[in-house]
There are 2 protein chains.
Amino acid sequence: MRFVLACLISMQQGPDLLSDSSPVRSRAVSTASPNGQDSLTPIKVSLTPQQRFEEYLQSRGLRQTNQRKFLIDRVFSHHEHFDADELIERLPRRGQENYVSSATVYRTLREFVDAGLLNSFQLDGRTVYEHGYGYPQHDHLYCTSCRELFEFQSDDLLELRNEVAAQRGFRVNSHRMIIQGVCQKCSKKRRKKRKQDLV
Amino acid sequence: MRFVLACLISMQQGPDLLSDSSPVRSRAVSTASPNGQDSLTPIKVSLTPQQRFEEYLQSRGLRQTNQRKFLIDRVFSHHEHFDADELIERLPRRGQENYVSSATVYRTLREFVDAGLLNSFQLDGRTVYEHGYGYPQHDHLYCTSCRELFEFQSDDLLELRNEVAAQRGFRVNSHRMIIQGVCQKCSKKRRKKRKQDLV
DNA sequence: TTATCTGCAAAAAATTTGCACTTCT
DNA sequence: AGAAGTGCAAATTTTTTGCAGATAA
């Protein structure tokens, strides 16, 4: 583990998993809370991640094991960007109850991605995971100073993407956009520091 | 090396390095040639990559070595996406003339990026490099079938990016957008194959 | 002359894999 | 019972680093 990865986005309330039977994604809206943190509204889905994974496993003749059940609970217990190493560090150690070997963690994370529960992308050489099920499509701003990932959602971007692809007969599966720079907080810190340095 | 990385984009003619003394980027235009290949027009720059790197080295009190000179010639001899491993494979082997150790290749590639000559990004776990100097800002379509990278250029995307960033006081340094999917060629191949399978 | 570079080999970091044993179904 | 899954350790893959000898300025 070389980097701290945090995420400013938190769910305003738990995802409303049972109130709507439609698995269709509703329009996500990005909102800003007083402390400057942003969050996207969770999507209403008919199944919990657990249930959906169960379906996925059954459809492929795979098994429900304690490790898989334990990991899905952990991974979906809070909304946050993470990498394999960070997850492993928060898991029970060898010898403790519910210990899961790293090999299994890696294997299971890949299954979660295959099942559409998690999204993954590369950042600074690591594979970063985030919730994909029950959470709207979005893109990221990455602060190279504090290494936090911020989320944003733009329909215009999607439209643009589709236009570009259509223009050359490219069939789109997904996209990934990351804007690199320095977040407001870090910019302010730096200005402050420069000011102090002058005194 | 796990992946073949190719690039359909070729320069229509060598970069016109000497005809304009302005280092300012001119507007890039994406064009389509009859065979379906796209290319972006090179930017007019006042210095060759070699000259620019020389400046960079001097400004930092670094040295011009045979290895650096050799590598910059190789890297800028054709416009193509590549990773460290692919470059190393095309270089003279140990014992031959102009051999450069992999450690030096890695170190030098990083210098090229620092000097603004190359851009780098992560794709499928590797670091991919491409020309940054003398070539316009652009983004990529990545075909997961043939693993080729196609380039596209969109001012709307830049505008959108700047708006998103401005909205939350984020100072942008750069961005990276990769559209994943299947290119036209591969789609056609698949359709053909499916047809044949039915016969 | 001397700080910078290079090559080499070893280390690191992040995954993946082979295999014997365990566990779902 | 028997396929699938797990843990372990070893292997991979990609990149970095320490260090002694080589070299540019």
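In what follows, every chain begins at residue 1, and chains take the letters A, B, ... in the order their sequences are listed. Only a predicted model underlies this, so the values are computations on that prediction, with no experimental measurement involved.
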(request) Kindly assign one of parallel, tilted or perpendicular to the pair A:Phe150 and B:Phe170, based on the angle between their ring planes and the thresholds 30° and 60°. (result)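 Judged by the thresholds at 30° and 60°, the geometry between A:Phe150 and B:Phe170 is perpendicular.
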(request) Would you work out how much the helix from C:dT1-D:dA25 to C:dT25-D:dA1 bends between its ends, with each end axis defined by five base pairs, to 10 degrees? (result)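 It works out to 30° between the end axes.
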(message) Once side chain to side chain contact (heavy atoms under 4.5 Å, CB included) is applied, do any residues pair with B:Asn98, and if so which ones, sequence neighbours excluded?
(response)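 In terms of side chain to side chain contact (heavy atoms under 4.5 Å, CB included), with neighbours along the sequence ignored, B:Asn98 is linked to B:Phe70, B:Pro92.
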(message) Holding to side chain to side chain contact (heavy atoms under 4.5 Å, CB included), I want the full list of residues that pass it with A:Glu163, two or more places apart in sequence or in another chain.
(response)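 Partners of A:Glu163 by the side chain to side chain contact (heavy atoms under 4.5 Å, CB included) criterion, ordered by chain and then number, come out as A:Glu159.
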(message) Among D:dC8, C:dA9, D:dT14, which nucleotide has an atom closest to any side-chain atom of A:Arg94?
(response)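 Out of D:dC8, C:dA9, D:dT14, the nucleotide with an atom closest to A:Arg94's side chain is D:dC8.
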(message) Using a heavy-atom cut-off of 4.0 Å across all strands, would you classify B:Ser102 as base, sugar-phosphate, or nothing?
(response)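 Touches nothing.
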(message) With a 6.0 Å cut-off on the ring centroids, do A:His138 and A:Phe152 count as close?
(response)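 Centroid distance A:His138-A:Phe152: not below 6.0 Å, so no.
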Starting at [atom1] of [X] and ending at [atom2] of [N], how long is that distance when rounded to a whole Å?
X: B:Arg110; N: D:dT14; atom1: CZ; atom2: P; answer: 17 Å
X: B:Glu89; N: D:dT14; atom1: CD; atom2: C1'; answer: 13 Å
X: A:Glu54; N: C:dC24; atom1: CD; atom2: P; answer: 14 Å
X: A:Gln96; N: D:dG7; atom1: CD; atom2: C1'; answer: 16 Å
X: A:Glu86; N: C:dA13; atom1: CD; atom2: P; answer: 15 Å
X: B:Glu111; N: D:dT16; atom1: CD; atom2: P; answer: 12 Å
X: B:Tyr106; N: C:dA13; atom1: OH; atom2: C1'; answer: 13 Å
X: A:Ile88; N: D:dT6; atom1: CD1; atom2: P; answer: 14 Å

(request) Taking only the side-chain nitrogens and oxygens of A:Thr127, find out if one of them lies under 4.0 Å from OP1 or OP2 of C:dA14. (result)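 The answer is no; no side-chain N or O of A:Thr127 sits under 4.0 Å from OP1 or OP2.
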(request) Ignoring backbone atoms, test whether B:Thr104 places a side-chain nitrogen or oxygen under 4.0 Å from the OP1 or OP2 oxygen of C:dC5. (result)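 Checking C:dC5 against B:Thr104, no side-chain N or O comes under 4.0 Å of OP1 or OP2.
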(message) Restricting to salt bridge (charged side-chain N to carboxylate O under 4.0 Å, His left out), what partner residues turn up for B:Arg52, sequence neighbours left out?
(response)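 With sequence neighbours excluded, B:Arg52 shows a salt bridge (charged side-chain N to carboxylate O under 4.0 Å, His left out) to no residue whatsoever.
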(request) Identify, residue by residue, the members of residues 56-73 of chain B with a heavy atom below 4.0 Å from DNA chain D, and return them in order of residue number, or none. (result)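 DNA chain D contact set from residues 56-73 of chain B: B:Arg63, B:Gln64, B:Asn66.
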(request) Of all the heavy-atom pairs spanning A:Ala165 and A:Val172, show the shortest one and how long it is. (result)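 That closest heavy-atom pairing would be CB-CG2, 3.2 Å.
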(request) Quick one: which residue pairs count as a ring pair (Phe, Tyr, Trp, His ring centres under 6.0 Å) with a foot in residues 96-119 of chain A, not counting sequence neighbours? (result)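 Matches after skipping sequence neighbours: A:Phe53-A:Phe112.
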(request) Answer yes or no: does atom NZ of B:Lys69 have more than 12 heavy-atom neighbours from other residues, nucleotides or ligands under 6.0 Å? (result)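 Correct, the count exceeds 12.
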(request) Between B:Arg107 and A:Ala103, just flag the one whose closest nucleotide in DNA chain D comes earlier from the 5' side. (result)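 Its nucleotide being nearer the 5' end, the pick is A:Ala103.
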(message) Taking A:His131's backbone N and O only, do any of them form a donor-acceptor pair with A:His81's side chain (distance below 3.5 Å, no angle check)?
(response)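 Not confirmed, A:His81 side chain does not pair with A:His131 backbone.
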